[in-house]
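The structure appears below as structure tokens.
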Amino acid sequence: MSTSDHSAAPASFSVTVADVELEPEDLDPAQIVSGEPVVTGKVLWESPDGTQVRGIWQITPGVVTDTEANELFVVVSGRATVEVEGGETLEVGPGSACVLREGDKTTWTVHETLRKAYHISY
């Protein structure tokens, strides 16, 4: 049995996703289809090489477009319809686990302010 060297790894931790204070994030005006959505977030961990990011993200109601990264997320609160170009239409709400493929072009219709915990791999 081998042991791992944990000296380079961040300490294990826990947060209450609903209570984490989020910071304003830029949203390219070209992505906004309708409404005045506001995006906030907080990176909780990023790999040293920048290929993996874990955090919390929130968006207020409106319609926006995006090109996705390889992402797994779980919705904590709110509701949205995510239309994947050439693919499925996803209805997401509290407790929904969703996987998005890198390169997917999506349109997010946010019905209620949506907060999610995510893991992205680049």
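From a predicted model like this one, the values you see are computed outputs, not experimental measurements. Basis for what follows: all heavy atoms, side chains included, without hydrogens, waters or symmetry-related copies.
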- Test side chain to side chain donor-acceptor pair (under 3.5 Å) on E91 and T81 and set out the steps. CA-CA 5 Å; E91 298 292 338; T81 302; 2.8 Å; yes

Is there a donor-acceptor pair closer than 3.5 Å between any side-chain N or O of [X] and the backbone N or O of [Y]?
X	Y	result
D104	R101	yes
T60	V38	yes
T67	G103	no

- Message: In this structure, would I59 and I32 fall into the same cluster of hydrophobic residues linked by side-chain contacts under 4.5 Å?
- Response: yes

- Query: Would V17 end up clustered with F73 when hydrophobic side chains under 4.5 Å apart are linked, directly or stepwise?
  - Reply: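 No, because V17 and F73 fall into different hydrophobic clusters, even though each may have its own neighbours under 4.5 Å.
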
[X] vs [Y] side-chain heavy atoms within contact, under 4.5 Å:
X	Y	value
R115	L22	yes
N70	L100	no
L114	Q58	no
V15	L44	yes
T107	V63	yes

Rounded at 0.5 Å granularity, tell me how far [atom1] in [X] sits from [atom2] in [Y].
X	Y	atom1	atom2	answer
S77	K116	OG	NZ	12.5 Å
T51	I120	OG1	CD1	12.0 Å
W57	E25	CH2	CD	8.0 Å

Heavy atoms only: give me the nearest [X]-[Y] pair and the separation to one decimal.
X	Y	value
D49	S47	OD1-OG, 2.7 Å
Y122	A69	CE2-CB, 3.9 Å
E46	V53	CG-CG2, 3.9 Å
G93	V75	O-CB, 3.1 Å

- Message: For a side chain to side chain contact (heavy atoms under 4.5 Å, CB included) check, start with the C-alpha distance between W108 and E83, then their side-chain angles and the critical distance, and finish with the verdict.
- Response: CA-CA 6 Å; W108 290 67; E83 296 175 57; over 6 Å; no

Do [X] and [Y] meet the criterion of a side-chain donor-acceptor pair at a distance under 3.5 Å?
X	Y	result
T65	Q31	no
T106	E68	yes
H119	E71	no

- Test: E23 and K42 ion pair at under 4.0 Å: yes

- Of I56, V76, T40, the residue whose pairing with V20 passes side-chain contact (heavy atoms from CB on, under 4.5 Å):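 Per the side-chain contact (heavy atoms from CB on, under 4.5 Å) rule, the option paired with V20 is I56, out of I56, V76, T40.
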
- Item | CA sep, side-chain torsions, deciding dist, call: L90, V84, side chain to side chain contact (heavy atoms under 4.5 Å, CB included) | CA-CA 8 Å; L90 313 171; V84 180; 4.2 Å; yes

